[in-house]
Amino acid sequence: MDPLKLTRARPGAPFTVTFDGREIEALPGQTIAAALWASGVTAWRTTRGEGRARGVFCGIGVCFDCLVTVDGRPGRRACLVAAVPGADIRTQVGTGHEEAGPGQAGPGQAGPGQARPEGAEPR
């Protein structure tokens, strides 16, 4: 069943954002996490140590599992940031300030000596 029909919602016209180079549709008022989920994307970060996939965990901005880079700004919580037309959303690599290369941290992973986002706890 379509949840929009269940609630008789009448959202505004959809628009597109880009996620890792792929255009996805979003609705006015949707968070980035909601737009990604609606497009079938459920993970966009991995844990530092074991490389486990992460997406939304708490959904209220407390856990930092849903970090993405938005328009070049790393450390954005997808569950709190509203999707806006034309946004360039990317899987975050490490702290978001570096490119991953051979032997470096992968998406969403902080390597040795790299800072975690403000308030993030080690896993």
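Just the heavy atoms: all of them, side chains too, but no hydrogens, waters or symmetry mates, feed the values below.
When each of Val56, Asp65, Ile89, Leu67 is paired with Trp44, the side chain to side chain contact (heavy atoms under 4.5 Å, CB included) condition holds for Val56 and for no other.
The two residues Phe15 and Leu27 have their closest heavy-atom pair at CE2-C, 3.6 Å. Considering every non-hydrogen atom in both Gln30 and Ala38, the closest pair reads NE2-CB, 4.2 Å. Minimum heavy-atom separation, Pro28 to Ala13: CD-O, 3.5 Å.
A 4.5 Å side-chain heavy-atom check between Gln92 and Arg45 finds every atom pair outside the cut-off. Between Arg76 and Ile32 the shortest side-chain heavy-atom distance does not fall below 4.5 Å. Side-chain contact between Cys79 and Phe57: absent, with no pair of heavy atoms (C-beta onward) separated by less than 4.5 Å.
Judged by distance alone, with hydrogens and angles left aside, the side-chain atoms of Arg90 form no donor-acceptor pair with the main-chain N or O of Thr69 at under 3.5 Å. The backbone N or O of Thr91 sits less than 3.5 Å from a side-chain atom of Asp20, completing a donor-acceptor pair.
One finds the CZ atom of Arg22 at 12.5 Å from the OG1 atom of Thr16 (value rounded to the nearest 0.5 Å). Atoms OG1 and CH2, on Thr31 and Trp37 in that order, are 8.5 Å from each other to the nearest 0.5 Å.
Every side-chain contact (heavy atoms from CB on, under 4.5 Å) that Thr18 has, sequence neighbours left out, goes to Glu23, Asp88.
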